[in-house]
Amino acid sequence: MDHNKLALPVGTTLDRFIMRKQEDFPYATGELSQLLRDIALAAKIVNREINRSGLIDIAGAYGNRNVQGEDQQKLDVIANIRFIRALRNGGEVCTIISEEDEDMIQTGNDQGKYVVAIDPLDGSSNIDVNVSIGTIFSVYRRTSPTGRPGTLADCLQPGTHQVAAGYVIYGSSTMLVYTTGNGVNGFTYEPSLGEFFLSHPDIQTPKTGTVYSINEGASETFSPGVAAFVKACKDASFSARYIGSLVADFHRNLLKGGIYIYPATGKAPKGKLRLMYECNPLAFIVEQAGGRSSDGYQRTLDIEPKDCHMRCPIFIGSQELVEQAEALLAQETEVASAPAALTGA
């Protein structure tokens with residue numbers, strides 16, 4: 001018997017991959033690598049809790065609302081605790097911004113060189129119905145001197161300053177996808193071994209696609225440009241796919257091509273998604289994969305954050321589709337600013 005068939009390689013683990021890639025950062029001395037391992041550890045724990053949520057009493061509403069005014073689920077609280085604890089114990093992070101906390105979280109690691117913005121459990125309204133949910137995170141190098149607590153300025157950096165970003169999707173399999181500015185790689189969790197293995201190396205998103213993802217329940221309040229783009233998608237016989245979990249919708253479109261849109265609406269005039277821990281990390285990932293992200297007018301990563309929980313519209317996905325949406329919004333702006341004689345008024 002061929003001995004090679006008796007011990008086939010299982011693949012490259014996340015830890016080994018991170019160690020190999022550490023040389024991409026001439027300034028790094030291992031802290032960022034450790035930080036990413038801490039996030040992966042917390043993701044494994046959260047994955048365990050999610051998988052048994054139907055067996056023990058950790059599903060359903062927690063009874064509180066977070067800073068966004070959204071009803072917290074029990075797993076929201078559990079995920080928040082797990083990720084904050086992992087980042088605090090790791091020692092590399094001085095300050096954390098979390099969707100679940102109104103104020104910055106000081107970890108006590110004043111020598112930590114990094115700041116993390118995180119949505120511990122995206123799509124929590126889907127928990128009870130067993131739909132894919134996720135975690136989104138963003139990493140920045142602090143700008144203030146070490147040896148003291150992190151500052152608001154450390155946290156409110158534009159997306160172009162990110163040194164790493166990623167997401168975890170808890171679905172039919174659990175995947176961790178991340179970038180450090182040198183491409184995008186995806187790792188699938190093997191629960192029997194307790195390890196993430198490289199399964200999607202060097203992800204490149206298609207330049208275009210035939211899927212659009214938007215909550216059309218708010219269509220009556222879409223701007224003319226957004227309404228025109230949705231109509232163009234329908235006229236081209238695109239498929240409408242909207243799961244309601246940002247990570248799940250984004251992940252599908254990243255791999256297969258498409259566009260995800262959460263525009264300004266009557267209910268959310270500034271958009272619904274948060275810049276620091278939803279839009280920026282996913283924008284960094286999609287650009288590294290060859291895609292595009294904007295608020296319809298401006299590149300997402302160039303937006304100057306005003307506060308930790310700032311909201312903004314987002315058009316993200318395949319480059320050609322985002323550019324087509326931006327073109328229609330630009331036409332809308334030109335019409336609105338044109339002299340009355342040109343608009344027929």
Side-chain angles (χ1 to χ4, degrees), residues 61 64-73 76 99-100 102 119 122-126 129 131 133-134 136 159 211-236 238-250 253 258-280 282-283 286 292-300 302-317 321-338 340 343-345:
N64 290 339
R65 291 193 172 191
N66 62 18
V67 63
Q68 317 298 334
E70 300 165 344
D71 291 329
Q72 285 184 311
Q73 303 295 309
D76 278 325
E99 181 190 20
E100 303 301 327
E102 182 173 1
D119 182 351
D122 168 73
S124 58
S125 61
N126 286 320
V129 292
V131 172
I133 52 182
I136 312 172
V211 170
Y212 72 101
S213 307
I214 190 170
N215 181 3
E216 293 193 71
S219 60
E220 292 300 315
T221 63
F222 289 167
S223 71
V226 174
F229 180 74
V230 172
K231 183 178 184 303
C233 290
K234 293 179 177 179
D235 291 344
F238 279 20
S239 296
R241 296 286 184 269
Y242 189 74
I243 298 170
S245 290
L246 171 61
V247 168
D249 280 310
F250 175 83
N253 292 353
I259 184 171
Y260 176 94
I261 304 173
Y262 209 112
T265 65
K267 187 176 180 181
K270 295 182 179 180
K272 181 181 179 183
L273 300 181
R274 277 59 58 127
L275 175 66
M276 297 305 298
Y277 41 79
E278 290 176 323
C279 299
N280 270 345
L282 296 185
V286 83
R292 185 174 177 86
S293 178
S294 78
D295 65 357
Y297 307 94
Q298 179 182 9
R299 180 186 179 212
T300 300
D302 290 333
I303 297 173
E304 289 290 337
K306 300 295 191 297
D307 64 68
C308 295
H309 302 288
M310 175 180 168
R311 299 176 188 263
C312 72
I314 192 167
F315 297 72
I316 188 168
L321 294 181
V322 175
E323 288 175 345
Q324 290 167 18
E326 290 171 334
L328 288 171
L329 266 69
Q331 292 177 19
E332 168 193 318
T333 302
E334 291 171 3
V335 169
S337 61
T343 61

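Please read all numbers here as calculations on a predicted model, not as lab measurements.
- The two residues Cys279 and Leu273 come nearest to each other via the heavy atoms SG-CB, 3.7 Å.
- Contact between Ile133 and Gly123 at its shortest, heavy atoms only, is CG2-O, 3.1 Å.
- Side-chain contact between Tyr260 and Val286 is absent, with no heavy atoms from C-beta onward closer than 4.5 Å.
- Taking 4.5 Å as the limit, some side-chain heavy atom of Ile314 sits within range of a side-chain heavy atom of Ser293.
- Screening Thr300, Ile214, Asp295, Leu329 against Phe315 for a side-chain contact (heavy atoms from CB on, under 4.5 Å) leaves a single residue, Leu329.
- The shortest heavy-atom contact between Arg292 and Val322 is O-CG2, 3.6 Å.
- Arg311 places a side-chain N or O within donor-acceptor distance of the main-chain N or O of Lys272, the cut-off being under 3.5 Å.
- Between Tyr212 and Phe238, the ring planes lie tilted relative to each other; the angle falls in the 30° to 60° range.
- Side-chain contact check for Phe229 versus Ile259: some heavy-atom pair is nearer than 4.5 Å.
- Atom CD1 of Ile303 is separated from atom OH of Tyr297 by 12.0 Å, given to the nearest 0.5 angstrom.
- Considering every non-hydrogen atom in both Arg274 and His309, the closest pair reads CG-O, 3.7 Å.
- The closest side-chain heavy-atom distance from Asp122 to Glu278 is below 4.5 Å.
- Of all heavy-atom pairs between Met310 and Lys306, the closest is SD-N, 3.2 Å.
- Residues that satisfy the side-chain contact (heavy atoms from CB on, under 4.5 Å) test with Cys308, not counting sequence neighbours, are Ile97, Met104, Leu152, Leu156.
- Between the CD atom in Glu323 and the OG atom in Ser294 there is a gap of 9.5 Å [rounded to 0.5 Å].
- Contact detail for Asp307 and Met276: the closest heavy-atom pair is O-CG, 4.2 Å.
- Considering only heavy atoms from C-beta on, Ser213 comes within 4.5 Å of Asn253 through its side chain.
- Leu282 places a side-chain heavy atom less than 4.5 Å from the side chain of Leu246.
- For the atom pair CG (Asp119) and OH (Tyr277), the distance works out to 7.0 Å, reported to the nearest 0.5 Å.
- The distance from the CD1 atom of Ile316 to the CG atom of Leu321 is 12.5 Å, given to the nearest 0.5 Å.
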